[in-house]
Each structure stands twice: as structure tokens, then as C-alpha cells.
*Asks:* 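Input: one structure, supplied below.
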Amino acid sequence: MSITHTYIQELSQKIGETVTLKGWVSNKREGKGIVFIVLRDGTGFCQCVVTAETASNQGLESAQNTRLETSVIVNGLIKTDEKQIGGIEVEVQQIEIIGDSVDYPIAKKEHGVEFLMDQRHLWLRSTRQWAIMRIRNTIVFSIHNYFQKEGFVQMDAPIFTGNACEGTSTLFETDFYGSAAYLSQSGQLYGEAMAMAMGKIYTFGPTFRAEKSKTRRHLSEFWMIEPEMAFYDIFQNMDAIEGMLQHVIKDVLANCKHELDTIGRDISVLESSLGSFPRMTYDEAVRIIKGEQDVNGQNSIKLLEAELKAAESRLSEIDAEIADREDQINAGGMKKGQINFFTAKINELKQEKSDVEEDLRNIPQWLNSARNFEYGNDFGGSDETVLTKLFDRPVMVYDWPHEVKAFYLKRNPEDMRFARGVDVLAPEGYGEIVGGGERETNVDSLIEKIHEHQLPMSEFEWYLDLRRFGSVPHSGFGLGLERVVTWICKLKHVRESIPFPRMYGRLTP
RNA sequence: UCCUUGAUAGCUCAGCUGGUUAGAGCGAGCGGCUGUUAACCGCUAGGUCGUUGGUUCGAGUCCAACUCAGGGAGCCA
């Protein structure tokens with residue numbers, strides 16, 4: 001196939017040439033006799049200038065007739081201009097409208113989440129979403145590269161399953177030729193079978209959880225990467241997790257500079273995450289959460305209390321600034337443009353205010369949960385938040401009380417109270433991005449655990465076979481793709497990390 | 001399932017303790033301005049205030065239930 005046009009990505013190599021660009025109008029500003037179009041073509045954004053002088057009256061008229069998201073073919077001369085995106089500007093000679101765009105719903109203005117989610121099919125075109133999806137793509141590609149480089153074989157676990165694998169979370173039930181089937185909540189057990197065949201494998205596929213969770217880190221449908229390695233113990237497992245995450249972070253830093261910049265990501269935490277991850281036992285983590293043990297001179301409880309105070313004083317600052325700006329507007333004598341600017345600022349402050357108020361409602365609960373944390377319990381979302389705020393890189397917590405973890409985890413042979421699970425918690429309050437561990441190898445211990453968890457033995461016979469025929473030490477983990485994307489991009493909510501999120505109350509678009 | 005916050009114009013919001021015909025900005029339409037980067041000027045159109053019921057002389061405003069949405073708990077990646 002011959003390519004008949006140039007992509008915006010390539011423009012820096014084409015300065016002084018006349019090229020054809022095909023894309024959409026992502027932004028437009030007009031003056032008398034001049035139109036500025038910010039064109040996007042999927043590979044990037046660039047400003048195109050249309051005047052009658054270079055594009056004729058007809059060209060100028062076409063440009064004036066474009067609207068947001070009108071598709072166009074543009075012919076023009078590539079020039080340098082320091083002030084523009086990428087330092088490049090197109091002096092348009094010809095412009096042709098391909099598809100009009102009447103009443104495009106997403107304006108050059110702040111919108112609420114519900115509205116944007118309803119427009120998700122169009123929202124994906126916006127600069128920020130474009131950048132996030134490009135970073136997601138880099139992460140996906142990097143994960144594959146890492147495992148392929150390390151000799152892993154990619155294999156897929158089934159999506160229809162006969163029963164709940166870990167017996168804990170709520171699953172989506174479907175009809176499978178007349179009998180109940182569930183959408184997979186994890187491919188892990190199958191991953192173990194595949195690892196016994198291939199040595200090292202990884203799955204990469206969708207996962208479903210039917211929990212009615214309404215939080216910023218839950219989806220009903222998400223993508224999970226689950227490696228499983230024969231002859232790996234929990235410590236080799238942690239090496240693999242760290243190696244993979246750092247490989248991904250390195251690739252994002254190397255290949256997504258412009259995208260990270262577009263979404264305003266401060267990359268210092270990503271950079272420090274290239275240093276080795278702290279590894280701590282559950283015991284130690286609990287002491288830190290309860291404030292009994294400091295980390296780098298910081299104390300979890302004091303940190304939270306400080307955050308609460310900071311939120312309180314920020315709130316009064318915001319109120320004062322809003323009042324001040326409103327007074328200035330009401331005082332009169334202000335130009336309309338300035339009033340607009342002030343109003344926009346006030347709206348921004350109000351948005352921040354409601355976020356701060358949310359924090360003020362949540363932090364006391366978290367403080368309470370941290371202070372009263374009961375040894376032996378699993379961590380809640382807030383406990384993870386508290387712990388990770390103390391570190392500038394992901395933290396690995398291993399050796400959990402066996403009662404709170406899945407039935408298939410191996411017990412620490414030196415202290416049977418603990419199971420060899422490991423959770424990786426992302427910094428900046430993001431919480432769990434990886435969960436994994438070393439698997440139980442002994443048939444009898446597994447049978448005992450299955451009884452203990454009251455799971456249907458018949459469904460696990462095939463799984464027990466893996467221990468009956470050449471059982472070996474093995475480990476693996478599950479990486480939540482969207483959670484990694486969310487952390488690396490520092491998004492407020494996972495729903496922005498996937499093209500079409502599926503969550504409680506959201507099935508369209 | 002529980003706790004919590006909210007629902008007013010296409011969008012983002014205001015509407016104080018219930019009181020005459022419901023407001024602003026943006027966007028849209030029209031007109032004016034050759035270089036803009038959410039900061040220009042003027043005019044025009046646009047709302048049975050989420051739904052149902054109640055209190056009241058009178059409800060966008062108070063009460064109840066419901067629906068939907070935001071955040072959190074539980075559960076987890």
C-alpha cells in the first residue's frame with residue numbers, strides 16, 4: 001500500500017517541504033482573514049495557518065467553515081515556529097473538508113465526568129486521552145517485550161470457567177449451553193498448568209469482577225497479565241516483578257516524553273522507581289501502618305494528621321480566594337475578558353474545593369483505620385494508601401497471615417502462620433498493582449485448604465493433578481494493567497486508563 | 001449491601017434563612033477585529049429546576065420515598 005500523505009509525527013524531518021496532511025480539527029481560533037487550525041491525525045498535533053494570501057479566498061472560506069472535529073485534507077508548507085507544538089507550523093496552501101462535524105458535544109471547556117463518560121467514544125480524541133492511550137500502548141508492548149526477552153511463552157487461560165477460582169469475589173454468571181458458567185476472575189490456576197508444560201508462561205487477557213465497587217481503582221472488566229514460573233520461589237518471584245515493572249517504567253520514560261508532558265506527569269517518582277523496591281514482611285508493614293515504626297524519619301499517623309491539617313488550611317485558602325475574586329468582579333469596572341478569566345479561576349477553585357472536602361471526609365476514616373488496625377487482617381485500601389505515601393517507589397509486602405490469603409499459597413516453612421503471598425503497592429497512594437506468591441506444592445496441604453475454604457473439590461481435581469505428577473516449587477503474580485497505567489500516568493481514576501471502561505452502572509458506550 | 005455528597009439551560013455553575021415574570025459564563029447563531037494559544041466587542045435563541053408524593057396562602061428552596069451519579073467501606077488487580 002502506498003502512503004499518500006505525511007503523518008504529523010514526521011514533520012520535524014520535513015521542514016521547508018510542502019506536504020499533505022490528513023486529520024481532524026482538534027482546535028480552531030479565528031481572526032479577521034486568518035484561521036488557526038490545530039490539526040490532529042492520531043500521531044500528533046500541529047497548528048495550521050490559513051490566510052487568503054497563501055490558500056486563496058476559497059481555502060480561507062473552507063477553513064472558516066470547519067468546526068471542532070471536522071475532518072480535512074491539508075496541503076501546506078512546513079515552517080518552524082518556536083511558539084508552536086513541536087516548534088512547527090504549517091502554512092496552508094490548500095484545504096479540503098472531508099467530513100463536517102455539526103454540534104460536536106465536547107467543548108473547549110471543563111466538563112463533568114458523567115458527561116465525558118457518556119461521550120467516551122469522542123472523548124478519546126482529546127489530547128489528554130490520546131496521550132494516556134499512547135502510554136498504555138507503550139506499557140502493553142513493553143510487558144510483552146520483557147517476557148519474550150526473558151524466555152516466557154505467552155499462553156491464554158479460558159474466559160468461561162466452571163466455578164469461582166478463589167471462592168471469594170462475586171462473579172458474572174452466564175449461560176453455557178444450559179449450565180452455569182462464570183467469566184474468569186483470574187487465569188492463575190490455568191497458568192500453573194501451562195507453566196508445568198512450558199517452564200515460564202504469561203497470560204494477557206481480560207478479567208471480570210462483579211463487585212459493585214464504586215471507587216477510583218475498580219473496574220468490572222480489566223486486563224490482567226499473569227506470569228507463572230516453574231522452579232521460582234517467592235524471592236525469585238519478587239525479582240521478576242521488580243524486573244518487569246522497571247523495564248516498563250524505563251520504556252515509558254524513554255518513549256513517552258511528550259505524552260507524559262501532555263498529561264503533566266511529574267516523572268520524579270517514576271525515576272526513583274528505577275532503584276530497588278523495598279521488601280518487607282506483613283509484620284513490618286503493620287508496624288509502619290500503625291505508626292509504631294518510622295520510615296526514613298516519617299511516621300504514617302503523623303503524616304496523615306499533617307495531611308488533614310493541610311487540607312483544612314487549603315480549604316480556608318480556597319474560600320478566601322473565591323471570595324476575593326468574587327468581590328473584585330462585583331466591584332465593577334472590570335473588563336469582560338478579565339471577568340471571564342476570574343470566573344474560570346473560580347470554577348477551578350470550586351472543583352478543587354470539592355476534592356479537598358472529599359479528602360476531609362476520608363482522611364479521618366483512614367486515620368481511624370490505621371490507628372485501630374488489627375494484626376492478622378488484610379490491608380484495606382486506606383491502609384495501602386497510608387503505607388505507600390511513605391515511599392517514593394513501589395513497595396513489596398510478603399509473608400501474609402495465611403487465613404486472609406488464597407488457598408493455593410504456600411506456607412512459610414519456617415513459620416507456618418504465614419503464607420508466601422506478595423503484594424506490590426504503588427507509591428503516591430495508588431495501592432495494589434500486583435498480587436502474587438509462591439504456590440503450595442503439597443497435595444495434602446492443598447486438599448486441606450480447599451476444605452477449609454469450603455470449595456467444591458471436584459472442580460479442583462485437575463489442579464491437584466499438577467501436584468500429583470511432578471510437583472515443583474513455582475510462583476507467579478497478577479499485574480493489573482489499568483492500575484499500572486493509572487499510577488504511571490498519575491490519573492485520578494482507573495476509568496481513564498482503558499478505552500471503554502466497564503464498571504458498576506456503566507455499560508455504554 | 002452500608003456510609004457520605006450531589007442532581008437547576010447543550011456544558012460548568014450561582015440562586016443566602018420558602019415570596020413578584022429563574023441568573024451568569026462558556027458553547028451555538030448573526031455581525032465587527034490579519035497571528036491566535038480557554039482573557040476582544042455587540043445582538044439573538046435556549047429551562048415543565050432528576051421523578052413522585054407531602055407541608056404551606058405560596059416550594060428550585062423544607063420533609064419523605066424512589067431513580068441516577070460522585071467518593072469511600074467491604075472485595076480486590
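In what follows, chains carry the letters A, B, and so on, assigned in the order in which the sequence lines appear, proteins first and then strands, with residues in each chain numbered from 1.
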*Asks:* Tell whether A/Ser213 reaches the base of B/G74 with its side chain through a donor-acceptor pair below 3.5 angstrom.
*Replies:* yes
*Asks:* Between B/U5 and B/A65, how far apart are the P atoms? Round to whole Å, please.
*Replies:* 14 Å
*Asks:* If I pick the P atom on B/C63 and the same atom on B/U21, what distance separates them, to the nearest angstrom?
*Replies:*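 Going atom to atom, P in each nucleotide, I get 24 Å.
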*Asks:* Please state how far atom NZ in A/Lys405 lies from atom C1' in B/C75, giving the value in whole angstrom units.
*Replies:* 12 Å
*Asks:* Touch check for A/Ile106, heavy atoms < 4.0 angstrom, all strands: base, sugar-phosphate only, or nothing?
*Replies:*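 Nothing: the residue A/Ile106, judged by heavy atoms under 4.0 Å, touches no strand.
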*Asks:* Checking base pairs now: Watson-Crick or wobble, both atom distances under 3.5 Å. What partners B/G18?
*Replies:*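 In the structure as shown, B/G18 has no Watson-Crick or wobble partner.
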*Asks:* Return the pairing partner of B/G53 with a 3.5 Å limit on both distances, Watson-Crick or G-U wobble; otherwise return none.
*Replies:* B/C63
*Asks:* For A/Leu481 and for A/Gly380, locate the closest nucleotide of RNA chain B by heavy-atom distance; then report the residue assigned to the nucleotide nearer the 5' terminus.
*Replies:* A/Gly380
*Asks:* From CG of A/Asp378 over to P of B/C75, roughly how many Å is that when rounded to an integer?
*Replies:*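 Rounding to the nearest Å, CG of A/Asp378 and P of B/C75 are 7 Å apart.
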*Asks:* Report the C-alpha separation of A/Trp487 and A/Glu428 in whole Å, then their side-chain angles, then the decisive distance to 0.1 Å, and conclude whether the side chain to side chain donor-acceptor pair (under 3.5 Å) test is met.
*Replies:* CA-CA 8 Å; A/Trp487 168 55; A/Glu428 301 171 287; 3.0 Å; yes
*Asks:* How about A/Glu403: does its CD atom have over 12 heavy atoms from other parts shown lying under 6.0 Å from it?
*Replies:*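 Yes, enclosed.
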*Asks:* Check whether the side chains of A/Gln365 and A/Ser382 place a donor and an acceptor atom closer than 3.5 Å, and report yes or no.
*Replies:* no
*Asks:* For the pair A/Ser56 (side chain) and A/Ala52 (backbone), establish whether a donor and an acceptor sit closer than 3.5 Å, ignoring hydrogens and angles.
*Replies:* no
*Asks:* Write down the distance separating the C1' atoms in B/G47 and B/G53, rounded off to the nearest Å.
*Replies:* 23 Å
*Asks:* Return the minimal non-hydrogen interatomic distance between A/Tyr282 and A/Asn377, and the atom names on each side.
*Replies:* OH-O, 2.6 Å
*Asks:* Using a strict heavy-atom distance below 4.0 Å, which residues from residues 421-435 of chain A are in contact with RNA chain B?
*Replies:* A/Glu432, A/Ile433, A/Val434, A/Gly435
*Asks:* Determine whether the aromatic ring centres of residues A/His144 and A/Phe204 are separated by less than 6.0 angstrom.
*Replies:*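 When the ring centroids of A/Phe204 and A/His144 are compared, they turn out to be within the sub-6.0 Å range.
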*Asks:* B/U4 P sits how many Å from A/Trp366 CH2, rounded?
*Replies:* 18 Å
*Asks:* Scan A/Lys212 against the nucleic acid and name what it touches under 4.0 Å (heavy atoms): base, sugar-phosphate only, or nothing.
*Replies:* base
*Asks:* List, with names and distances, any nitrogen or oxygen atoms from the protein found under 3.5 Å away from nitrogen or oxygen atoms belonging to nucleotides 33-35 of chain B.
*Replies:*
| unit_1 | atom_1 | unit_2 | atom_2 | d |
| --- | --- | --- | --- | --- |
| B/C33 | OP2 | A/Lys32 | NZ | 2.6 |
| B/U34 | O4' | A/Lys32 | O | 2.3 |
| B/U34 | O4 | A/Glu53 | OE2 | 3.2 |
| B/G35 | N1 | A/Glu89 | OE1 | 3.4 |
| B/G35 | N2 | A/Asp81 | OD2 | 3.4 |
| B/G35 | N2 | A/Glu89 | OE1 | 3.0 |
| B/G35 | N2 | A/Glu89 | OE2 | 2.7 |

*Asks:* A/Ile143 CD1 to B/A77 P: how many Å, rounded?
*Replies:* 16 Å
*Asks:* Starting at atom CE of A/Met503, determine the distance to atom C1' of B/C76, rounded to an integer number of angstrom.
*Replies:* 15 Å
*Asks:* Looking at residues at least two apart in the chain, or sitting in another chain, which of them share a side-chain hydrogen bond (donor to acceptor under 3.5 Å, both in side chains) with A/Glu496?
*Replies:*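 For A/Glu496 the side-chain hydrogen bond (donor to acceptor under 3.5 Å, both in side chains) partners, ignoring immediate neighbours, are A/Arg128, A/Gln129.
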*Asks:* Does B/C30 have a Watson-Crick or wobble partner in any strand here, with both distances under 3.5 angstrom, and which is it?
*Replies:* B/G42
*Asks:* Check this for me, if you would: do A/Glu482 and A/Arg495 make a salt bridge, where the nitrogen-to-carboxylate-oxygen distance has to be below 4.0 angstrom?
*Replies:*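 No.
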*Asks:* Between B/U44 and B/C49, how far apart are the C1' atoms? Round to whole Å, please.
*Replies:*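 Looking at atom C1' only, B/C49 and B/U44 are 24 Å apart.
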*Asks:* With respect to the phosphate group of B/G72, does any side-chain polar atom (N or O) of A/His218 fall under 4.0 Å of OP1 or OP2?
*Replies:*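 For B/G72, OP1/OP2 do not have a side-chain N/O of A/His218 under 4.0 Å.
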*Asks:* Would you measure the distance from the C1' atom in B/U48 across to the matching atom in B/A59 and give it in whole Å?
*Replies:* 15 Å
*Asks:* Figure out the CZ/P separation between A/Arg483 and B/C75, and round it to whole Å.
*Replies:* 13 Å
*Asks:* Any strand counts, and the cut-off is 3.5 Å on both contacts for Watson-Crick or G-U wobble. Which nucleotide pairs with B/A9?
*Replies:* none
*Asks:* Distance between the C1' atoms of B/A45 and B/A64, in whole angstroms?
*Replies:*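 Their C1' atoms lie roughly 39 Å apart.
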*Asks:* Going by an N to O cut-off under 4.0 Å, is there a salt bridge joining A/Lys79 and A/Glu89?
*Replies:* no
*Asks:* Using the P atom on both, measure B/A73 against B/G10 and round to a whole Å.
*Replies:*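 Result for the P pair: 35 Å, nearest Å.
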*Asks:* What does A/Phe115 touch in the nucleic acid at a heavy-atom separation under 4.0 angstrom: a base, only the sugar-phosphate, or nothing?
*Replies:* sugar-phosphate
*Asks:* Would you mind telling me which of B/A77, B/G70, B/A73 lies closest to the side-chain atoms of A/Arg217?
*Replies:* B/A73
*Asks:* Using a heavy-atom cut-off of under 4.0 Å over every strand shown, decide if A/Ser382 touches base, sugar-phosphate, or nothing.
*Replies:*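 The residue A/Ser382 makes sugar-phosphate contact but no base contact.
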*Asks:* Please state how far atom NE2 in A/His111 lies from atom P in B/G27, giving the value in whole angstrom units.
*Replies:*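 Going from NE2 in A/His111 over to P in B/G27 covers 11 Å.
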*Asks:* What about A/Glu358, does its side chain sit under 3.5 Å from the base of B/G72 through a donor-acceptor pair?
*Replies:* no
*Asks:* Any luck finding a side-chain donor-acceptor pair between A/Gln188 and A/Tyr408 under 3.5 Å?
*Replies:*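 On atom types as modelled, these side chains qualify, holding a pair under 3.5 Å.
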*Asks:* Keeping the roles fixed (side chain from A/Asn368, backbone from A/Pro364), state whether a donor-acceptor pair exists under 3.5 Å.
*Replies:*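 Such a contact is absent between A/Asn368 side chain and A/Pro364 backbone.
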*Asks:* If you count the non-hydrogen atoms of other residues, nucleotides and ligands that lie under 6.0 Å from CD in A/Gln58, is the total more than 12?
*Replies:* no
*Asks:* Examine the base of B/C68 for any acceptor or donor lying under 3.5 Å from a partner atom in the side chain of A/Arg506, and report the outcome as yes or no.
*Replies:* no
*Asks:* From the options B/C11, B/C13, B/G71, select the nucleotide whose nearest atom is closest to the side chain of A/Asn362.
*Replies:*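 Looking only at heavy atoms from C-beta outward on A/Asn362, the closest nucleotide is B/G71.
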*Asks:* Expressed as a whole number of angstroms, how long is the span from A/Leu68:CG to B/G27:P?
*Replies:*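 That distance rounds to 10 Å.
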*Asks:* Determine the interatomic distance between C1' on B/U61 and the same-named atom on B/U56; round to the nearest Å.
*Replies:*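 Result for the C1' pair: 13 Å, nearest Å.
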*Asks:* Minimum heavy-atom separation for A/Leu481 and A/Ile143, please, with both atom names.
*Replies:*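 In terms of heavy atoms, the two residues are closest at CD1-CD1, 4.2 Å.
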*Asks:* Between B/A69, B/G70, B/G72, spot the one nearest the side chain of A/Glu114, thanks.
*Replies:* B/A69
*Asks:* Is any side-chain nitrogen or oxygen of A/Lys214 closer than 4.0 Å to OP1 or OP2 of B/G72?
*Replies:*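 A/Lys214 to B/G72 OP1/OP2: no side-chain N or O under 4.0 Å.
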*Asks:* Between B/A73, B/C76, B/G71, which nucleotide has the shortest distance from any of its atoms to the side chain of A/Arg216?
*Replies:* B/G71
*Asks:* Quick one: which of B/G74, B/C11, B/A77 gets closest to the side chain of A/Thr215?
*Replies:*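 In terms of side-chain proximity for A/Thr215, the closest of B/G74, B/C11, B/A77 is B/G74.
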*Asks:* OP1 or OP2 of B/G71 less than 4.0 angstrom from a side-chain nitrogen or oxygen of A/Arg495, does that happen here?
*Replies:* yes
*Asks:* Map A/Phe222 and A/Asp383 onto RNA chain B by nearest heavy atom, then report which one ends up closer to the 5' terminus.
*Replies:* A/Asp383
*Asks:* Please determine, for B/U36, whether a Watson-Crick or G-U wobble partner exists with both distances under 3.5 Å, and give it or none.
*Replies:*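 When the pairing criteria are applied, nothing turns out to pair with B/U36, so the answer is none.
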*Asks:* Once you apply the 3.5 Å cut-off to both distances, tell me the Watson-Crick or G-U wobble partner of B/A73, or none.
*Replies:* B/U1
